[in-house]
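Just below is one structure, and these are the notes that go with it.
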Number of protein chains: 2
Amino acid sequence: MYIHIFVTMRIEDEIKQEKFSSEYTKLLINLVYTGNRISFKTNEILKEKNLTLQQYNVLRILRGQHPNPATVNMIIDRMLDKMSNASRIVDKLELKKLAQRTMNKEDKRCADVHITSKGLDLLLELDEKVKVNERSVIHLTLKEVKTLNDLLDKLRG
Amino acid sequence: MYIHIFVTMRIEDEIKQEKFSSEYTKLLINLVYTGNRISFKTNEILKEKNLTLQQYNVLRILRGQHPNPATVNMIIDRMLDKMSNASRIVDKLELKKLAQRTMNKEDKRCADVHITSKGLDLLLELDEKVKVNERSVIHLTLKEVKTLNDLLDKLRG
DNA sequence: ACATAATATATGTATATACATATATTTGTA
DNA sequence: TACAAATATATGTATATACATATATTATGT
């Protein structure tokens with residue numbers, strides 16, 4: 001017999017704030033806090049492979065295009081954090097031989113960016129760990145997850 | 001007559017990813033993306049006053065204690081991003097005369113941190129703008145906001 | 001009381017990030 | 001065609017962040 005006990009900790013308790021001025025205020029803080037928490041846990045996994053979250057995300061974007069190349073502009077467009085410097089993240093990936101730039105024949109301004117086979121292997125190693133992490137981080141039923149996804153999509157308007 | 005049209009953009013469209021491997025994967029990305037988006041918009045407001053999001057949050061923690069002091073440790077405990085360096089954020093606030101350190105009599109290891117009247121004034125100026133921003137960023141009804149808060153609390157487990 | 005562990009904070013350092021600006025190329029237009 | 005505007009990317013620089021380590025003080029066990 002298994003007994004699962006889930007203790008739900010309200011955001012008020014997590015950050016020791018007795019009361020928020022409104023549910024909206026609370027939501028902003030709840031979202032940022034939960035987002036940070038998740039990023040932190042994912043980072044723990046990536047650290048073992050010497051990858052940052054940003055580098056990992058770019059690598060996944062590159063895999064999404066593979067065997068076609070992406071451009072830096074396409075990467076910026078698809079990144080979660082639009083402000084970060086895609087060009088320098090690609091620099092880092094190139095340095096680690098996980099990605100490679102080639103010149104775009106049609107438009108010489110563009111740099112084509114490919115994922116290397118070393119990059120593909122690394123992602124493959126991470127896929128399973130990341131999936132296990134997802135489940136352990138999210139203490140919700142599938143139905144709740146769907147509701148949450150819909151609400152977040154609506155939130156952004 | 002006012003006509004409000006809200007166009008809901010799914011996370012798939014926002015970051016141009018056709019399909020996620022599961023609703024759980026989608027949720028992780030949705031959360032981090034939405035959190036970043038909100039942080040970004042809040043930052044836009046704070047930039048006018050030359051504050052970073054972290055500095056603002058620490059300042060609010062200090063106000064929450066006022067007229068009592070906080071300690072650096074208490075700040076770390078209540079911060080959204082546990083990894084950041086509270087000590088150096090307090091340095092920055094002190095440099096701007098928004099906060100002040102004094103020595104704790106009982107425990108000489110602790111630094112008591114107070115918010116200054118300049119700090120209180122600055123927060124007061126920001127309160128209204130931040131509240132307006134909250135409402136404009138969150139395109140949800142109060143009931144939906146409550147559901148979302150509960151789900152996020154449950155998610156973290 | 002003394003040594004050791006634990007705690008609170010600060011600092012050093014490498015890397016990452018935000019933002020402004022530079023460079024190269026392509027596009028639009030008079 | 002020539003020239004300004006737009007686009008794609010890269011780079012310079014100040015600041016922020018993550019992580020390890022140092023320092024000072026207090027708590028704890030013998």
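Just so we're on the same page: letters track the sequence lines, and every chain starts at 1.
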Roughly how many Å is it from [atom1] in [X] to [atom2] in [N], rounded to a whole number?
{"X": "M103(A)", "N": "dT25(C)", "atom1": "CE", "atom2": "C1'", "result": "11 Å"}
{"X": "I76(B)", "N": "dC19(D)", "atom1": "CD1", "atom2": "P", "result": "14 Å"}
{"X": "L51(A)", "N": "dA16(C)", "atom1": "CG", "atom2": "C1'", "result": "14 Å"}
{"X": "K108(B)", "N": "dA10(C)", "atom1": "NZ", "atom2": "C1'", "result": "18 Å"}
{"X": "E106(B)", "N": "dA27(D)", "atom1": "CD", "atom2": "C1'", "result": "16 Å"}
{"X": "M79(B)", "N": "dA16(D)", "atom1": "CE", "atom2": "C1'", "result": "12 Å"}
{"X": "K96(B)", "N": "dA16(D)", "atom1": "NZ", "atom2": "C1'", "result": "12 Å"}
{"X": "D77(A)", "N": "dA8(D)", "atom1": "CG", "atom2": "C1'", "result": "13 Å"}

[X] side chain, from C-beta outward: closest of [options]:
{"X": "V72(A)", "options": "dT13(D), dT25(C), dA10(D)", "value": "dA10(D)"}
{"X": "D107(A)", "options": "dT11(D), dT25(C), dA16(C)", "value": "dT25(C)"}
{"X": "K92(B)", "options": "dA16(D), dA8(D), dT11(D)", "value": "dA16(D)"}
{"X": "T52(B)", "options": "dT9(C), dT11(D), dA16(D)", "value": "dA16(D)"}
{"X": "S87(B)", "options": "dT11(C), dT26(D), dT13(D)", "value": "dT11(C)"}

- [ ] State whether the distance check finds a donor on one side and an acceptor on the other, under 3.5 Å, for side chain N85(A) versus base dT11(D).
- [x] yes

Task: Side-chain N or O of K47(B) closer than 4.0 Å to phosphate OP1/OP2 of dC19(C) - done: yes

Open item on the list: Between Q54(B) and dA16(D), is there a contact of a side-chain N or O with OP1 or OP2 at under 4.0 Å?
Closed with: no

If you measure only the distance, is there a donor-acceptor pair under 3.5 Å linking the side chains of [X] and [Y]?
{"X": "T42(A)", "Y": "S39(A)", "value": "no"}
{"X": "R109(A)", "Y": "N73(A)", "value": "no"}
{"X": "Q55(A)", "Y": "K96(A)", "value": "yes"}

TODO: Indicate, with yes or no, if M74(B) and I76(B) share a hydrophobic cluster defined by side-chain heavy-atom contacts under 4.5 Å among Ile, Leu, Val, Met, Phe, Trp and Tyr.
DONE: no

Open item on the list: I want to confirm an ordering. Mapping Q55(A) and R88(B) to their closest nucleotides on DNA chain C, which one lands closer to the 5' end?
Closed with: R88(B)

- [ ] Give a yes or no on whether a salt bridge exists between K47(A) and E44(A), defined as a side-chain N under 4.0 angstrom from a carboxylate O.
- [x] yes

Open item on the list: Can you work out whether R101(A) or R109(A) has the more 5'-proximal nearest nucleotide on DNA chain D?
Closed with: R109(A)

